[in-house]
Amino acid sequence: MSALFEPLTLRSLTIPNRVWMAPMCQYSADDRGPGLGTANDWHFSHLAARAVGGTGLILTEATAVSPEGRISPGDLGIWNDGQAEAFGRITGFLKEHGSVPGIQLAHAGRKASTDRTWRGGHPLRPEDGGWQPLGPSPLAFSETHPVPAELTQQQIAETVAAFADAARRALAAGFQVAEVHGAHGYLIGEFLSPHSNRRTDHYGGSYENRTRFAIEVVDAVRAVWPEELPVFFRISATDWLDENPEEERTGWTVDDTVRFAGDLGEHGVDLLDVSSGGNAPRVRIPTGPGYQVPFAERVRSETSLPVGAVGEITEARQAEKIVADGQADAVLLGRELLRNPYFAWQAARELGAEAAVPDPYHRAY
Ligand SMILES: Cc1cc2nc3c(=O)[nH]c(=O)nc-3n(C[C@H](O)[C@H](O)[C@H](O)COP(=O)(O)O)c2cc1C
């Protein structure tokens, strides 16, 4: 019996196994014209291949709720109906092949308007095809990033509404999970952390104020997402500032995450996808196999919220142990699934579980 290949039911949605694909930007949409921010053949084949490979749940890359919420000019978006329609072909294929399609709804905040990572990921000025990034406070992410424009309360309200509109379109496009991207130092994470949020209104200062924007987004998404389908929230469990004592000790911490997980559960979030980092450029992060799993485990043991673990999970037995030992309810794989789209059914075979090798491939086994 494999714990990794036990289905997981959240609300009324049953996810066939616990090997999930982490959201990963492809920076491969058109950056202008009618295909702007719209899924194309690259996104189809990229996501479809992981469904063919038996991945239980597949999350799209960070999909921008507004044009200025893109990380790069080539990001996917879901701020218009044409973008939603283009996703329909993908969600249909994923479901037909037994995977659950999920979308990560995102706004890049002060880290918006950067070049594609393989071109260095540098900030792009408006004259080079970039735009003015927005953030909770006029504080740049790094010396090379521009100072973001501080969001007005009116713009905050518009951004919350943009998340709701995006969720409504995602549902129409056939997605069954909506994940709110609150991690990695993008807009929602920027509000959470005192490192990036220095507001003096009711969106900054105390824990309640810094978490207000995230909760408003969750409430807005939950209000349009059906009762029977789950909402996830991706968090950076820590900015790694307090773990790096030479840095200013003003970050979001694991204790904050545990507390916030309780709040998110009360606001209808069904699973916390536990990542870390991304809000401070120079912190040292002790990466290694499963290095973020202890954060997921802490949330799971101290709250009643289901969790996903992510980060350097690359082997079937490692993934099996994380789920079997109760450290997480599911694992999300990023780079390993880029290397090997067939990870899930190969892992199933290795673990002696039911392997959903697609019929047209049966002669290979
Ligand atoms: C190419 C690439 C793109 C990524 N894009 C996103 C993203 O859009 N949203 C997000 O939350 N994380 C993103 N990440 C982080 C991954 O989801 C994952 O958390 C990270 O890669 C660690 O998992 P891994 O060690 O299995 O790759 C990205 C990672 C990679 C490698």
Side-chain angles (χ1 to χ4, degrees), residues 4 18-29 37 39 42-43 46-47 49-50 53 55 57-65 69-78 87 102-109 111-112 114-121 166 170 175 177-190 192 214 217 232-240 271-279 285-296 307-316 318-319 322 328 330-341 343-344 347:
L4 193 60
R18 289 133 189 268
V19 179
W20 300 353
M21 185 158 87
M24 282 182 286
C25 286
Q26 300 296 295
Y27 311 111
S28 297
W42 175 264
H43 305 93
H46 166 64
L47 298 167
R50 277 73 200 173
T55 314
L57 177 138
I58 296 176
L59 287 165
T60 66
E61 67 186 62
T63 302
V65 301
R70 289 170 297 161
I71 301 168
S72 88
D75 286 21
L76 289 180
I78 188 150
F87 276 124
I103 185 166
Q104 189 184 50
L105 300 173
H107 190 299
K111 286 168 64 177
T114 59
D115 210 350
R116 292 162 171 85
T117 48
W118 55 83
R119 288 201 232 142
F175 287 103
V177 171
E179 174 170 277
V180 174
H181 193 355
H184 302 163
Y186 297 113
L187 188 63
I188 293 172
E190 289 160 20
L192 292 178
V217 168
F232 294 2
F233 190 94
R234 180 168 256 211
I235 197 158
S236 281
T238 169
D239 289 336
W240 292 103
L271 180 135
L272 193 67
D273 173 4
V274 186
S275 187
S276 76
N279 198 28
I285 302 181
T287 57
Y291 71 104
Q292 295 172 145
V293 175
F295 303 141
V307 298
V310 66
E312 296 203 27
I313 299 167
T314 57
E315 287 173 11
Q318 175 198 17
I322 291 166
V331 292
L332 292 101
L333 278 65
R335 290 163 293 176
E336 184 56 28
L337 271 173
L338 294 186
R339 288 187 284 267
N340 177 10
F343 179 91

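Basis for what follows: all heavy atoms, side chains included, without hydrogens, waters or symmetry-related copies. All ligand and atom numbering here is 1-based and tracks the order in the structure. Quick caveat: nothing in here was measured; it's all calculated off a predicted structure.
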Contact check: Gly334 vs ligand 1, nitrogen or oxygen atoms, below 3.5 angstrom: yes

- prompt: Are any of the N/O atoms in Leu332 less than 3.5 Å from those in ligand 1?
  reply: no

Taking [atom] as the reference point, the nearest protein heavy atom with its distance:
atom	answer
atom 21 (O) of ligand 1	Arg335 NE, 4.0 Å
atom 6 (C) of ligand 1	Pro23 O, 3.0 Å
atom 29 (C) of ligand 1	Met24 CG, 3.8 Å
atom 1 (C) of ligand 1	Cys25 O, 3.9 Å
atom 19 (O) of ligand 1	Arg234 NH1, 3.1 Å

Just so I know, are the side chains of [X] and [Y] near enough to count as touching, which here means a heavy-atom distance under 4.5 Å?
X	Y	answer
His46	Met21	yes
Glu190	Asn279	yes
Leu333	Thr55	no
Ile71	Tyr186	yes
His107	Val217	no
Leu59	Trp20	no

message: Tell me whether Glu336 reaches ligand 1 (any heavy atom closer than 4.0 angstrom to a ligand atom).
response: no

- prompt: Is it true that Gly311 lies under 4.0 Å from ligand 1, counting heavy atoms only?
  reply: yes

- request: Please list, chain by chain and in numerical order, all residues satisfying side-chain contact (heavy atoms from CB on, under 4.5 Å) with Ala214, sequence neighbours excluded.
  value: Ile188, Leu192, Phe233, Phe260

task: May I ask you to identify, for Gln104, whether its side chain, its backbone, both or neither come under 4.0 Å of ligand 1 on a heavy-atom basis?
output: side chain

Heavy atom of protein inside 4.0 Å of atom 4 (C) of ligand 1, strictly below: yes

message: Can you tell me if Glu315 has over 12 outside heavy atoms packed within less than 6.0 Å of its CD?
response: no

- line: For Arg119, the salt bridge (Lys or Arg N to Asp or Glu O under 4.0 Å) test, sequence neighbours excluded, returns Asp115

Within a distance under 4.0 Å of any heavy atom of [X], pick out the atoms of ligand 1 and give their elements.
X	result
Val310	18 (C), 19 (O), 23 (O)
His184	10 (C), 11 (O), 12 (N)
Ala22	17 (O)
Glu312	24 (P), 25 (O), 26 (O)

query: Under 3.5 Å, is there a donor-acceptor pair between the side chain of Arg50 and the main chain of Leu337?
result: yes

